[in-house]
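One structure below.
Note that ligands are numbered from 1 as they come in the structure, with each ligand's atoms numbered from 1 the same way.
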Amino acid sequence: MRKVSFLLFLLFVLKNDGRLIRYQRQRQHSPLPSGKYRISPTTGVRIALPTPEQLQWQSQELGVLIHFNIATYINNDGCIDQIVPNISLFNPYLLNTDNWVQTMLDFGAKYAVLVAKHACGFLMAPSNVKFPLNPTGKIISYNYTVDYSPVKGLNILDEFIKSCENKQIRTGFYYTVVTNNWLNVESGFVQNRTLKPGQLNITQKTYDNIVLQQLRELWTNYGTLDEIWFDGGYTTTLKDPITALLAELQPQAIAFNGYGISPNSVRWIGTEMGVAPDPNWSTGITNDGGDPNSPIFCPAECDTTLQAHDRWFWGVNVTLRSLSELIQVYHETVGRNCLLMLDLTPDRTGLIPSAYARRYKQLGDFIRSCYGTPVLPMERLISDDSLQYIQLFVSSPVTVDRSVIQEDQTDGQVIRAYVVDVQLVDTTNIHQWMKVAQGTSIGNKKIDIWQVGPQLINAVRLTIIKTVDKPVIKSFTVHLCN
Ligand SMILES: *[C@@H]1O[C@H](CO)[C@@H](O)[C@H](O)[C@H]1NC(C)=O
Ligand SMILES: *[C@@H]1O[C@H](CO)[C@@H](O)[C@H](O)[C@H]1NC(C)=O
Ligand SMILES: *[C@@H]1O[C@H](CO)[C@@H](O)[C@H](O)[C@H]1NC(C)=O
Ligand SMILES: *[C@@H]1O[C@H](CO)[C@@H](O)[C@H](O)[C@H]1NC(C)=O
Ligand SMILES: *[C@@H]1O[C@H](CO)[C@@H](O)[C@H](O)[C@H]1NC(C)=O
Ligand SMILES: CC(=O)N[C@H]1CO[C@H](CO)[C@@H](O)[C@@H]1O
């Protein structure tokens, strides 16, 4: 009991009823336009401010990127080498988007982005776009679409959106602007090389018009989109028109690779392995761990595969990554302030193979059982200056092996360094704390699995040791996981 009174002497008690700390600062919603920064009143440094959309997006933590397209029907992961698969191959005769959504729920995904068009050029939606061939000028329809395939009439994008909306999963589309094998386009440009079977000859201007018209169709016909993927970006010629189209049709959408075209941009972490660097900041625009001093809020997304060897489309006889590897991926992405966007691959029937569905559920079950319910303290204490958070378990000590910290980033990410230490149950000296974790970036979430292993403790303490403004901790919890 002496330990408790010592702590109470030092600290200001906020809540002792076992509920979360209520430390909601009264904040006026930022009058600044989005994509801006503020000047810290305490240190004078620039602090990048998120848009409400970016904050909401970051809090989702888990999503899926659905690779399903004509490349599902060939043994080449994404039509590498200018391949144009025969349209009659596309035949998902059992397609059921509710089946996809069940897997998303089992995993815990809050959002789903569907590949509407990948490198092959095949569009999974009907399209009214027409364009002239080079050099004849003959006008043809963009007919490399689902409407000219064996499942003509099936509106996969509509079904996907409806199934997701039924379960409150947010939605978006992926449309590669820079590659289109059918139209002989690579790196954003129509190539001058001998056409391969199935390829057409068009001009660059025709191609740019096709992209803008199809983006308009995708961004008009399927309601409000939450995330739009610009894989590989866009050419400088298309930058301004795409910016204008986004502002006109889907201004709220998060734009992956979208710095410069949308205030709601997020960045790629730089690898497809499912590992974020530590530290990983919510700010900065480079494809790595970011930059705490950047005045641009642009958090990172970590996309990676369930199938082994970086395989994105469903493949014959492909092995899946093990559960333990995927758990590590979770810790090295979500646990390092990155969103984990796991690939989801319906097979050639249009369903998620059952072995795949089981692996997603195993990962979801792990996340729910490990992190779903924290070990609740008897008391939570917070220092006046918000630099220390303590949880007390004194009358019933607990064994825990990890801590999870979340920073409230409404006014920007401000914490620059922290330490977590514990008071062991057999501690005799009340000043004696043992360090179990330390780090720099927190952001949306930082998970620290303690190197020292499980510990039987009376108290755990988070100390913010460096910050550029008064910190606001959204949550600080401890857990015990197998
Ligand atoms: C595509 O496949 C269909 C059905 O097998 C075939 O009839 C057609 O000739 C093929 N088209 C091309 C261009 O190879
Ligand atoms: C698409 O249009 C071109 C040009 O008219 C034609 O050669 C091709 O057969 C059409 N493809 C399909 C699948 O209808
Ligand atoms: C395309 O390649 C051909 C053959 O190499 C060449 O004669 C022609 O000048 C090239 N056209 C352009 C626009 O580069
Ligand atoms: C496309 O047509 C133009 C005009 O005839 C020609 O110069 C060019 O070489 C053709 N491109 C390809 C890849 O065949
Ligand atoms: C897949 O595995 C089966 C059984 O081992 C084998 O017969 C088949 O050839 C494999 N297919 C491919 C594309 O690797
Ligand atoms: C500020 C900082 O720590 N930046 C690091 C972010 O991550 C990249 C990639 O690992 C590092 O190169 C940076 O130094």
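I202 and N134 make their closest contact through CA-CB, 3.8 Å (heavy atoms, listed as atom of the first residue, atom of the second, distance).
Ring orientation note: the planes of F68 and W100 are nearly perpendicular, at an angle over 60° on the 30°/60° scale. The aromatic rings of F366 and Y330 stand perpendicular to each other, their planes meeting at an angle above 60°, with 30° marking the opposite boundary.
Note that atom 7 (O) of ligand 5 has no protein non-hydrogen atoms nearby, at separations under 4.0 angstrom. The presence of a protein heavy atom under 4.0 Å from atom 14 (O) of ligand 5 is confirmed.
For atom 1 (C) of ligand 1, the closest heavy atom belonging to the protein is N86 ND2, 1.4 Å. Of all protein heavy atoms, the one lying nearest to atom 5 (O) of ligand 1 is S88 OG, 4.1 Å. In terms of protein heavy-atom proximity, atom 10 (C) of ligand 5 is nearest to N317 ND2, 2.3 Å. Looking only at protein heavy atoms, the nearest one to atom 4 (C) of ligand 2 is I140 CG2, 3.8 Å.
For Q213 and E217, the side-chain atoms include no donor-acceptor pair closer than 3.5 Å. At a cut-off of 3.5 Å, with distance as the only test, a side-chain donor of W312 or E272 sits close to an acceptor on the other residue. Side-chain polar atoms of E407 and N337 form no donor-acceptor pair below 3.5 angstrom.
Of all atoms in ligand 2, numbered sequentially from 1 with element shown, those under 4.0 Å from a heavy atom of Y148 are 13 (C), 14 (O). For ligand 2, the atoms closer than 4.0 angstrom to any heavy atom of N143 are 1 (C), 2 (O), 3 (C), 8 (C), 10 (C), 11 (N), 12 (C), 14 (O). The distance from ligand 5 to the heavy atoms of V316 drops below 4.0 Å at these ligand atoms: 11 (N), 12 (C), 13 (C).
One finds a salt bridge joining R193 and E186 here, because a Lys/Arg side-chain nitrogen approaches an Asp/Glu carboxylate oxygen to under 4.0 Å.
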